[in-house]
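Everything on this sheet refers to the single structure shown next.
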Amino acid sequence: MPLTVYNTELSSRLLLGTAQYPSPAIMAEAVKASAAGAVTVSLRREGARSGSGGDFWKLIQDLGVHVLPNTAGCHSVKEAITTAQMAREVFGTNWVKLEVIGHQDTLQPDVFGLVEAARILCEEGFAVFPYTTDDLVVAERLMEAGCEVLMPWCAPIGSAKGPLNSDALRAMRAHFPGTPLIVDAGLGRPSHAAMVMELGFDGVLLNTAVAKAGDPVRMAEAFANATDAGHTASKAGMLEPRDMAAPSTPLLGRALLS
């Protein structure tokens with residue numbers, strides 16, 4: 001079953017970033033290999049080089065996937081709101097991945113500013129995808145502000161550490177059973193994507209693990225396969241770990257040898 005967010009059906013539960021690739025051509029091939037349901041685009045990236053922004057935006061449009069502009073690099077509510085408003089004009093969408101960074105080293109969200117910015121943007125008609133922590137109280141406040149999707153990290157951006165607190169992610173899934181939850185940031189290996197999807201999350205968003213791989217195109221395909229496998233396993237009903245061994249072959253009818 002496809003992922004539905006803000007009344008929009010995405011073809012894939014993998015969302016992919018478009019920054020840091022060796023070249024725009026490799027980025028485009030990676031997106032195609034991943035069959036991503038959406039791609040994130042930074043307004044700063046789109047206009048980073050004079051005269052090249054239009055070419056980059058045309059490349060994104062030609063990919064034929066949903067575009068999720070982000071407020072990457074914003075450190076204040078005012079900056080994030082202004083960037084979101086500009087992105088809506090440039091990209092022609094009310095979707096926005098909202099980032100309000102609070103710590104320069106860890107890139108941890110400023111959750112107080114995040115909630116404030118989310119409330120303002122939701123009131124302005126934006127469909128807000130908030131990059132947040134795994135804190136349940138913050139998540140509640142974001143939902144109250146009008147967010148219909150939550151995007152908790154599993155580790156700091158670009159760290160590639162994978163899920164650092166599976167118990168917190170599991171608790172978030174249980175606390176918001178009907179809310180689309182997309183793990184954003186910290187995934188470094190396809191197995192990490194499978195792990196969080198097995199916890200029952202609805203999707204994953206990543207960038208660095210693909211863009212900085214030795215072969216971004218093959219890595220994008222690997223993450224796509226892992227995301228699908230984790231989701232399928234979650235829906236299939238996995239065995240819970242147990243302390244004792246359990247025979248896979250029944251003893252009844254077993255031949256007795258003298």
Side-chain angles (χ1 to χ4, degrees), residues 2-3 5 10-49 51-73 87 91 93 95 97 99 101 106-107 129 131 151-164 182-198 201-232:
L3 172 61
V5 288
L10 301 181
S11 60
S12 169
R13 294 173 181 273
L14 173 62
L15 290 73
L16 201 60
T18 58
Q20 306 185 73
Y21 289 85
S23 72
I26 292 177
M27 179 274 293
E29 288 301 313
V31 172
K32 293 175 184 176
S34 73
V39 295
T40 61
V41 181
S42 169
L43 184 65
R44 287 174 169 80
R45 168 64 181 86
E46 193 275 340
R49 298 184 182 88
S52 67
D55 292 339
F56 181 76
W57 177 222
K58 178 63 165 57
L59 179 63
I60 296 296
Q61 289 177 307
D62 289 344
L63 294 173
V65 297
H66 289 279
V67 174
L68 177 60
N70 65 36
T71 62
F91 300 115
T93 177
W95 282 20
K97 176 190 169 185
E99 296 184 24
I101 302 301
T106 65
L107 300 181
F129 295 68
Y131 162 60
M151 300 180 67
W153 69 352
C154 71
I157 293 174
S159 68
K161 290 184 175 181
L164 295 181
I182 301 172
V183 169
D184 175 20
L187 299 170
R189 300 172 182 268
S191 58
H192 296 159
M195 287 170 61
V196 297
M197 294 301 289
E198 287 175 359
F201 279 75
D202 299 289
V204 294
L205 193 162
L206 55 109
N207 188 169
T208 309
V210 170
K212 292 294 188 179
D215 186 336
V217 177
R218 294 185 68 183
M219 187 60 74
E221 183 178 4
F223 267 101
N225 292 335
T227 300
D228 288 342
H231 176 68
T232 301

Q: Compare all side-chain heavy atoms of Asn225 with those of Pro190 and state whether any distance is below 4.5 angstrom.
A: no

Q: State, with a plain yes or no, whether a side-chain heavy atom of Leu187 is found less than 4.5 Å away from one of Val204.
A: yes

Q: First locate atom CG of Asn207, then atom OH of Tyr21, and finally report the distance between them rounded to the nearest 0.5 Å.
A: 5.5 Å

Q: Report the distance from atom CG of Leu68 to atom CG of Asn70, rounding to the nearest 0.5 Å.
A: 7.0 Å

(Q) Contact between Ile157 and Asp184 at the side-chain level, heavy atoms closer than 4.5 Å - yes or no? (A) no

**Q.** Under 3.5 Å donor-acceptor, Thr71 side chain and Glu99 backbone
**A.** yes

Q. Does Ser159 reach the main-chain N or O of Ala155 with its side chain, forming a donor-acceptor pair under 3.5 Å?
A. no

Q. Is there a donor-acceptor pair closer than 3.5 Å between any side-chain N or O of His192 and the backbone N or O of Arg189?
A. yes

Q: Starting at CG of Leu15, measure out to CE of Met151 and round the result to the nearest 0.5 Å.
A: 6.5 Å

Q: Verify side chain to side chain contact (heavy atoms under 4.5 Å, CB included) between Trp57 and Val67, making sure each step is shown before the conclusion.
A: CA-CA 10 Å; Trp57 177 222; Val67 174; 3.9 Å; yes

Q) Have Glu221 and Ser34 got a donor and an acceptor in their side chains that come within less than 3.5 Å? A) no

(Q) Using the side chain to side chain contact (heavy atoms under 4.5 Å, CB included) definition, which of the options Thr93, Val39, Val41 pairs with Pro69? (A) Thr93

